[in-house]
Amino acid sequence: MGNHSLRIDQPRPTAVDDDAVIAEGTRVSIGRRLLRGLGIGVTPAEGPDDVENDEPTVSFDNVPQHMPFDLLNAALGEAPPPRGRRRPFGGWAPNVEPGTLYQSTTAEMPGFYPFPAPAGARVRGVPFGNHLHTAEPIGLDPAQWLKDGLVTNTGIWMQGQPGVGKSTGLKRIGMGLVGFGFTMIVPGDLKDEYTKLVRAMGGEVFRLGRGLESLNPLDRGPLIAVIESSVGSEKQQLIALANSRRLALLESLITIVGGQELTATERLLLGTAVAIADEAAGKHEPIIPAVLEAIDHGSDPLRKIMAVPTRGSAADEDLAYQREVREFRNAVALLCSDDGPIRGMFDRQSSFRVTKDLPALSLSLSAIEDESDDVVASAMLCAATWSASVVEAQQASGQRRNIFQPRDEMWRALRAAPGLVEKEDRSTRLNRHRGMVTAQSTHSVTDLDALPTAEDRAKARGMAARNGVKILGGLDNAEMARLHEITPFTSRERRLVTQWSAPPTWVPGQRHPGRGKYLIKSGARMGLPVRVELLPEEVELYDTDNAWEGVDAHHVA
């Protein structure tokens with residue numbers, strides 16, 4: 001601002017009889033009346049002619065540009081006394097505070113009133129919702145945030161009480177990412193929450209269960225076609241990748257049914273047996289009964305691994321071998337025997353194939369939702385491994401597409417046996433390298449406490465903390481305190497989330513106070529409170545209360 005001086009020689013304005021002014025034909029606006037009542041405006045002379053001809057003093061109607069604030073305040077005068085001035089539009093007021101004048105250009109503040117402060121978040125990626133306080137549109141896209149340098153991990157941790165809309169939030173993200181070219185793969189949908197959405201987007205849903213679709217854990221899936229079209233070292237590398245993938249899955253399944261991790265000898269024995277079964281299968285994929293048959297046969301490579309003595313007769317050697325492999329052999333047998341927990345689902349060839357590039361895929365596990373934890377855990381691990389093979393096949397074939405993978409109730413699989421958290425943790429560490437966005441959804445951090453060992457619980461907490469984006473629905477004070485130990489929250493953020501968890505009234509038809517409200521947290525930044533409003537089409541696609549469609553409202557007198 002330049003240097004300006006202001007001289008005020010005229011006396012303070014006095015009251016004007018507006019009726020007399022109007023009678024003489026001069027128009028006095030309502031705004032001018034109010035300004036005169038405050039002691040601000042033109043200074044009248046003897047009559048209305050003087051009002052038109054005299055130059056006005058400084059007023060809100062005539063503020064010189066670039067005037068220093070201190071001179072402007074001096075020109076406008078002091079604030080009225082506590083009981084006001086004795087004149088029209090004057091008098092006593094309970095609270096009179098001096099106003100604050102702000103000056104800006106229309107290019108900087110166009111159309112803003114009453115000047116709300118922005119949330120500081122750009123719309124980058126999927127339009128997720130609107131800021132709860134400023135109504136700004138908020139974009140949520142870990143992939144875009146990674147490119148912008150806002151996060152270093154593309155994992156999403158979604159947590160909230162039942163009914164606040166956890167799956168709804170993930171579906172909104174999934175639909176937006178698919179629109180941007182992602183493929184959404186749901187590796188184990190226990191409640192068929194994504195079935196309607198996947199089909200609406202032109203994807204396919206495969207239902208696993210006894211009497212339904214089957215999934216061979218040793219099936220290399222979409223990698224088969226890529227391996228056949230490859231040559232040289234690239235082909236050998238893909239074969240090694242596929243073998244290590246299915247071997248790791250088979251180890252996990254045996255760990256679940258056996259209740260303990262495999263020893264080094266058992267891992268070597270299993271790998272050799274799978275290789276024997278693979279060679280015997282020829283152009284087909286081996287199945288678990290073929291691996292069991294190879295173990296029972298006990299060829300020389302297997303007996304060498306078990307260090308069976310060779311000094312006795314052939315019968316003695318067979319007996320010694322059977323004794324050495326008895327426990328391990330019975331654990332493998334539980335995967336395919338009639339008494340096994342997962343019989344009929346994973347002990348035969350896969351009954352479906354992914355033969356084309358689809359926008360969305362889902363493996364539905366709703367048929368086994370009520371089964372034991374062993375069955376559910378086995379199915380979820382097989383589904384996760386199969387989805388990983390789809391990703392690897394796309395990357396190896398050159399038709400790379402980024403992947404969005406929501407995982408609901410993954411803890412049911414991880415708590416089935418010790419050591420499974422390590423395998424899940426290892427896969428989530430590769431999200432950035434594989435171009436994947438994973439989302440883990442849970443109701444409570446106490447799910448971590450149900451894991452078998454202290455080591456598993458510690459790794460699970462680290463896995464939860466490593467997710468780059470936290471999305472929280474309504475939670476109680478105790479749950480927020482547990483989360484605060486993993487990721488720090490401010491007192492205001494904790495209070496906001498706990499307010500959303502308050503129970504609704506007993507009046508029928510009232511929404512849960514936290515429905516559609518989320519706090520987006522990333523690192524040490526201030527969280528973004530967001531409200532998500534659904535379109536009518538989304539309300540139908542995201543509905544998770546299909547089991548209650550036949551219940552009508554009952555009115556009790």
Side-chain angles (χ1 to χ4, degrees), residues 185-192 194 204-224 241-258 262 270 274 277-278 285-292 331-337 340-354 361-393 403 405-417 419-424 426-428 438:
I185 300 179
V186 187
D189 188 359
L190 286 172
K191 302 176 182 178
D192 273 346
Y194 292 88
E204 291 189 11
V205 178
F206 305 105
R207 300 193 65 200
L208 298 180
R210 299 182 184 92
L212 301 173
E213 303 284 1
S214 61
L215 178 62
N216 179 15
L218 301 178
D219 190 353
R220 292 170 292 182
L223 277 174
I224 297 176
L241 175 64
N243 290 339
S244 63
R245 173 72 64 184
R246 62 186 183 182
L247 188 60
L249 173 58
L250 194 54
E251 288 181 9
S252 300
L253 295 178
I254 296 173
T255 300
I256 291 175
V257 297
L262 274 64
L270 180 63
V274 170
D278 192 9
E285 295 296 286
I287 56 178
I288 294 179
V291 176
L292 180 62
V332 177
L334 286 175
L335 299 177
C336 54
S337 66
I342 60 174
R343 63 188 183 278
M345 293 184 292
F346 307 106
D347 54 358
R348 49 197 175 102
Q349 295 290 351
S350 299
S351 60
F352 61 90
R353 295 262 183 206
V354 178
L361 294 169
S362 176
L363 290 181
S364 172
L365 304 180
S366 59
I368 61 174
E369 180 187 5
D370 297 329
E371 297 283 352
S372 65
D373 283 346
D374 290 349
V375 176
V376 174
S378 301
M380 294 183 72
L381 287 174
C382 288
T385 302
W386 175 83
S387 64
S389 68
V390 174
V391 176
E392 291 164 354
I403 306 296
Q405 192 175 81
R407 297 186 178 186
D408 194 9
E409 298 189 25
M410 191 61 187
W411 306 113
R412 291 191 63 178
L414 300 183
R415 70 190 182 192
L420 297 180
V421 177
E422 172 64 26
K423 301 180 184 300
E424 174 69 11
R426 192 183 306 123
S427 64
T428 57
T438 59

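Under the 4.5 Å side-chain criterion, counting only non-hydrogen atoms from C-beta, Leu208 is not in contact with Ile368. Within the 4.5 Å cutoff, no side-chain heavy atoms of Met380 are placed close to those of Pro187. Side-chain contact check for Ile185 versus Leu363: every heavy-atom pair is 4.5 Å or farther apart. The shortest distance between side-chain heavy atoms of Tyr194 and Pro406 falls below 4.5 Å. Leu361 has its side chain out of reach of Val186: every pair of non-hydrogen atoms, C-beta onward, lies at least 4.5 Å apart.
Contact between Ser366 and Arg207 at its shortest, heavy atoms only, is OG-NH2, 3.2 Å. Heavy atoms only, all atoms of each residue included: Ala383 and Gly188 are closest at CB-N, 3.9 Å. A pairwise comparison of heavy atoms in Leu212 and Ala367 identifies CD1-CB, 3.6 Å as the closest pair.
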**Study point:** Derivation of the side chain to side chain donor-acceptor pair (under 3.5 Å) call for Ser351 and Glu213
**Key:** CA-CA 6 Å; Ser351 60; Glu213 303 284 1; 2.3 Å; yes

Point to revise | Stepwise side-chain contact (heavy atoms from CB on, under 4.5 Å) check, Leu250 with Leu335 | key: CA-CA 10 Å; Leu250 194 54; Leu335 299 177; 3.9 Å; yes

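Of the inter-residue distances, the one linking Leu253 atom CG with Phe346 atom CZ reads 7.5 Å to the nearest 0.5 angstrom. Between Leu218 atom CG and Ile287 atom CD1 the span is 9.0 Å, to the nearest 0.5 Å. Here the straight-line distance linking atom CZ of Arg348 with atom CG of Asp219 works out to 13.0 Å at 0.5 Å rounding. Here Ile254 contributes atom CD1 and Leu334 contributes atom CG; the two are 10.0 Å apart, rounded to the nearest 0.5 Å. For the atom pair CG of Leu365 and CG of Leu215, the computed distance is 9.5 Å after rounding to the nearest 0.5 Å. To the nearest 0.5 Å, the span separating CG on Asp347 from CG on Leu292 amounts to 11.0 Å.
With hydrogens and angles disregarded, a donor-acceptor distance shorter than 3.5 Å links the side chain of Ser214 to the backbone of Gln349.
Here Arg246 pairs with Asp278, Glu285 under the salt bridge (Lys or Arg N to Asp or Glu O under 4.0 Å) rule; sequence neighbours left out. Looking at residues two or more places apart in sequence or on another chain, you find no salt bridge (Lys or Arg N to Asp or Glu O under 4.0 Å) involving Asp189.
Judged purely by distance below 3.5 Å, without hydrogens or angles, the side chains of Asn216 and Ser350 never pair a donor atom with an acceptor atom. Side chains of Ser364 and Ser362: a donor-acceptor N/O pair is absent below 3.5 angstrom, by distance only.
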